[in-house]
Protein chains: 2
Amino acid sequence: MTAADGTAADVAIETIHHEMTAFARRARASAGRLHPELSLVSYTLLGHLEERGGCRATDLAAHYALDKSTVSRQVSALEGAGLIERRSDPQDQRVQVLHLTAAGTEILAQVTASRRVAFRERLAGWPEEDLRRFAGYLLRYNAAGPGTDPGPADSPATG
Amino acid sequence: MTAADGTAADVAIETIHHEMTAFARRARASAGRLHPELSLVSYTLLGHLEERGGCRATDLAAHYALDKSTVSRQVSALEGAGLIERRSDPQDQRVQVLHLTAAGTEILAQVTASRRVAFRERLAGWPEEDLRRFAGYLLRYNAAGPGTDPGPADSPATG
DNA sequence: ATTGATGGTTGTATCGTGCAACCATCAGGG
DNA sequence: CCCTGATGGTTGCACGATACAACCATCAAT
């Protein structure tokens with residue numbers, strides 16, 4: 001049996017719809033108070049920089065489906081805060097390769113750690129088997145790609 | 001074995017962290033293009049009104065942790081668009097009970113249907129057993145309450 | 001050398017949001 | 001019968017994130 005061909009599956013899908021959406025709503029609501037020094041957007045961009053070990057503003061824009069002007073301003077703010085630095089690419093003078101500074105790495109680590117703790121608390125008591133399955137489902141769900149993402153259905157604070 | 005006491009669980013938690021977060025990011029990115037006539041916020045509020053069969057602006061604000069001024073403006077917009085109507089409460093002249101209009105019900109149904117289809121497509125091919133388990137995990141995760149919600153960790157478009 | 005593509009910045013506008021101040025109404029006690 | 005405080009709602013103001021468009025600088029290819 002596959003999705004959309006039975007009422008039991010229908011109920012499950014409705015629940016998934018509703019709950020994913022509820023998560024998105026709360027996520028949005030808590031986006032601002034991530035860290036006094038670091039908005040959620042900034043945190044994300046820093047995390048990406050750390051993962052990649054530096055990249056261009058254009059790469060960030062493409063990866064997060066943001067306008068390049070948006071990224072440009074975010075980057076300016078992060079640079080102003082001393083969390084990232086721009087390094088000009090000798091191979092291409094148009095390009096500014098963005099890198100975390102020591103301060104940026106530090107704050108990113110702090111925020112990541114505190115978020116990790118929060119997730120751990122929320123998932124405390126879950127049997128390992130359930131954690132693994134849950135993670136697997138999420139991976140599978142997200143792997144379908146952004147193209148078919150229906151988005152949240154119940155997230156007022158996201159508008 | 002419970003969360004946070006083993007490396008296998010650690011890996012699963014990291015994955016959950018990352019994937020929930022990826023969902024929130026895409027959700028936010030697609031929030032604007034939900035419907036030409038209906039932002040995501042509006043859609044949510046309409047949905048709530050339908051569920052409850054009418055409620056007060058204050059209830060909406062409390063439920064979604066929004067400022068009452070924010071709700072007030074959203075409600076004004078929805079009323080202007082003819083999707084909801086205000087009915088004064090004879091028991092309390094301060095109160096305006098909000099109700100969907102026929103047009104509001106119509107548009108809400110349209111958007112809900114299209115979102116349902118999108119979710120179905122994304123979940124097509126999942127065995128019913130997996131759907132049920134996934135739904136159960138999401139319920140369990142969200143049931144922990146907003147208080148301990150760590151929020152997304154990778155959602156720039158959410159800021 | 002010209003032309004088109006690419007990386008980035010800036011001006012402008014919009015939208016959602018929160019805070020604070022405010023008004024109207026209700027409920028309780030002197 | 002008024003005061004006083006609580007509650008529902010609106011409005012003024014400011015902020016932050018975003019997109020679009022116009023623009024400049026640089027590169028690549030012909």
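Below, chains carry the letters A, B, ... as their sequence lines are ordered, and counting in each starts from 1.
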Rounded to the nearest angstrom, tell me the gap between atom [atom1] in [X] and atom [atom2] in [N].
X: A/D89; N: D/dA25; atom1: CG; atom2: P; value: 19 Å
X: A/L45; N: D/dA17; atom1: CG; atom2: P; value: 10 Å
X: A/E79; N: C/dG8; atom1: CD; atom2: P; value: 13 Å
X: B/L60; N: D/dG8; atom1: CG; atom2: C1'; value: 13 Å
X: A/D67; N: C/dC15; atom1: CG; atom2: C1'; value: 16 Å
X: A/D92; N: D/dC27; atom1: CG; atom2: P; value: 5 Å
X: A/I84; N: C/dG8; atom1: CD1; atom2: P; value: 11 Å

Selected nucleotide, minimal atom distance to A/L66 side chain, candidates D/dA19, D/dA17, D/dT10 = D/dA19
Side-chain N or O of [X] versus OP1/OP2 of [N]: is the shortest distance under 4.0 Å?
X: B/R56; N: D/dG8; result: yes
X: A/Q91; N: D/dC27; result: no
X: A/T58; N: C/dG8; result: yes
X: B/Q74; N: C/dC15; result: no
X: B/Q93; N: D/dG8; result: no
X: B/T70; N: C/dT17; result: no

Could you pick out which residue, B/Q96 or A/S69, lies toward the 5' side of DNA chain D when each is mapped onto its nearest nucleotide?
-> B/Q96
Tell me whether the centres of the aromatic rings in B/W126 and A/Y141 are closer together than 6.0 Å.
->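 No, too far apart.
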Would you mind reporting whether B/V75 and B/R86 have side-chain heavy atoms less than 4.5 Å apart?
->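 Contact flag for B/R86/B/V75 side chains = yes.
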Are side-chain heavy atoms of B/T112 and B/R116 found at a separation under 4.5 Å?
-> yes
Determine yes or no for a side-chain-to-main-chain donor-acceptor pair under 3.5 angstrom, with A/S72 supplying the side chain and A/K68 the backbone.
-> no
N/O donor-acceptor pair under 3.5 Å between B/D59 side chain and B/R56 backbone | yes
When you match A/R94 and A/V71 each to their closest nucleotide on DNA chain C, which lands nearer the 5' end?
->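 Its nearest nucleotide lies further toward 5', so the answer is A/R94.
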Start at the 5' end of DNA chain C and walk down; is the nucleotide closest to B/K68 or to B/R73 reached first?
->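 Residue closer to the 5' terminus by nearest nucleotide: B/R73.
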Is the base of C/dG8 touched by the side chain of A/R86 through a donor-acceptor pair closer than 3.5 angstrom?
->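 Not at all, since no donor on one side and acceptor on the other fall under 3.5 Å apart.
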